[in-house]
Amino acid sequence: MTFGHWEFLFPTQIGRAILLVEEAKKGKNISVLHIKLYQGEMRERAPWITSLSYTATTAYITAEISESNTGVSIPTGWHSEPLPMPCLHLLPPGGDVNWRRLHVPPVAKALQYVEFYNLIPQNPKLATRDYWVRLADGGTFSNASLGFVCDVGPPVFIDSFRAATEESDTHSSHRRESWYPTLVMDMQSKKRIPETGIEWLRLRLQAKTVQNGRLDVEVLIYDESGDLVVASHHVVMIVDMEKKNTARGGQTANI
């Protein structure tokens, strides 16, 4: 099993990056890694980092050998309410009336790697959304890709329920295109997926409060059999797209 805490300090840029990995704790069953992602001006060889490099992302990753776990297990009675189970092979051609392909704006480049299928009608709870997802290139999700899946969900989710709340508000001042950067992400692996990977995952996303451009997002990821694979919590900002396009120092950003 893997547990992780990420803090996104600055937006990453397309191009070169260096990962610095430090062993914070080395144990027989549990080890902890401290990982920093550097960008900016770097040397051509080790030690790579210069005074003009900067830390874009930092993370603590806790890995344990789950086969050795022998602790207490207690049924809690928790479960997610049942949803109509689609014929997954019918989703891409639009053959399931309960799930519809959700097209994301092309400006959100990372989201183009994932296909989202939206529950119709959506959950009656305004800030709760359900999706089936698969990779756009027809590949399979691996355990290593689950962090990416967690982080691409919130922008689609936020934009979806914002649209529902604003469509009847003719005086809304929040209709301009927005960017939804993650500030903090905590992810806990609940079940490993097969080493061969799986094509489909189901996402449930929920928010409790949206205030002053900040919100919390819970992301739950399930496999096709309905087992919980990942539970993740995020702190996300709502930023006007014009600010996204202005990098530090007033220069135009690359992405």
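Every value quoted in this text rests on a predicted model; they were computed, and no experiment measured them.
Here the shortest heavy-atom pairing between H234 and C150 reads CE1-O, 3.5 Å. Of all the heavy atoms in Q112 and V104, the pair that sits closest is NE2-CG2, 3.4 Å. Residue F8 comes nearest to M185 through the heavy atom pair CE1-CB, 4.0 Å, listed as atom of the first residue, atom of the second, then distance. When all heavy atoms are compared, the tightest approach of V236 to P154 is CG2-CB, 4.3 Å. In terms of heavy-atom proximity, I198 sits nearest to P194 at CG2-CD, 3.9 Å. Residues F148 and A110 share a closest heavy-atom pair of CZ-O, 3.7 Å.
Legend: residues meeting salt bridge (Lys or Arg N to Asp or Glu O under 4.0 Å) with R16, ordered by chain and number and at least two apart, are E44. Considering only residues two or more places apart in sequence or on other chains, D227 meets the salt bridge (Lys or Arg N to Asp or Glu O under 4.0 Å) condition with K191.
Under a hydrophobic-cluster definition in which Ile, Leu, Val, Met, Phe, Trp and Tyr are linked whenever side-chain heavy atoms come within less than 4.5 Å, directly or via other members, I35 and I30 are assigned to different clusters. In terms of hydrophobic clustering, with Ile, Leu, Val, Met, Phe, Trp and Tyr side chains grouped at heavy-atom distances under 4.5 Å, L220 and F116 are assigned to different clusters.
Contact of the W78 side chain with the L228 side chain is registered, since non-hydrogen atoms from C-beta on lie closer than 4.5 Å. A 4.5 Å side-chain heavy-atom check between E23 and L33 finds at least one atom pair inside the cut-off. Proximity of V184 to W6: side-chain heavy atoms (C-beta onward) are nowhere separated by under 4.5 Å. Proximity of N98 to P86: side-chain heavy atoms (C-beta onward) are nowhere separated by under 4.5 Å. Here the side chains of I120 and V97 are not in contact, with every heavy-atom distance at 4.5 Å or above. Inter-residue side-chain proximity for Y54 and L9 is flagged as unmet; no heavy-atom pair is nearer than 4.5 Å. For the pair V114 and V149, the minimum side-chain heavy-atom distance is 4.5 Å or more. In this structure, F157 and Y180 have side chains that are not in contact, with every pair of non-hydrogen atoms separated by 4.5 Å or more.
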Show me the side-chain donor-acceptor pairs of residues 209-216 shorter than 3.5 Å, one per line, residues at least two apart or across chains.
| unit_1 | atom_1 | unit_2 | atom_2 | d |
| --- | --- | --- | --- | --- |
| T209 | OG1 | D216 | OD1 | 3.3 |
| D216 | OD1 | T209 | N | 3.0 |
| D216 | OD2 | K208 | N | 3.0 |

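For the atom pair Y113 OH and L135 CG, the distance stands at 11.5 Å (nearest 0.5 Å). If you take CG on D223 and CG on L201, they are separated by 7.5 Å, rounding to the nearest 0.5 Å. To the nearest 0.5 Å, atoms CD (E115) and NE2 (H103) are separated by 9.0 Å. Atom CD1 of I221 and atom CZ of R204 lie 14.0 Å apart (nearest 0.5 Å). With rounding to the nearest 0.5 angstrom, the CD atom of E218 is 9.0 Å from the CG atom of L205.
Looking only at distances, a side-chain donor or acceptor of S232 sits under 3.5 Å from a matching main-chain atom of D186. A donor-acceptor contact shorter than 3.5 Å is absent between the side chain of Q39 and the backbone of A56. Checking side-chain atoms of T50 against main-chain N and O of E41 turns up a donor-acceptor pair under 3.5 Å.
Using a 4.5 Å cut-off between side-chain heavy atoms of Ile, Leu, Val, Met, Phe, Trp and Tyr, I18 falls into a hydrophobic cluster with L20, Y38, M42, W48, I49. Clustering of Ile, Leu, Val, Met, Phe, Trp and Tyr by side-chain heavy atoms under 4.5 Å joins W99 with L83, M85, L88, L91, Y117, L119, W132, W200.
Among pairs with a residue in residues 138-154, those fulfilling side-chain hydrogen bond (donor to acceptor under 3.5 Å, both in side chains) read D151-T182, at least two apart in sequence or across chains.
A cation-pi arrangement is present between R202 and Y222 under the rule of less than 6.0 angstrom and at most 45 degrees off the ring axis.
The one candidate from L146, I61, V230 that meets the side-chain contact (heavy atoms from CB on, under 4.5 Å) condition with T2 is I61.
Using a 30° and 60° split on the angle between ring planes, H34 and Y60 fall in the parallel class, below 30°.
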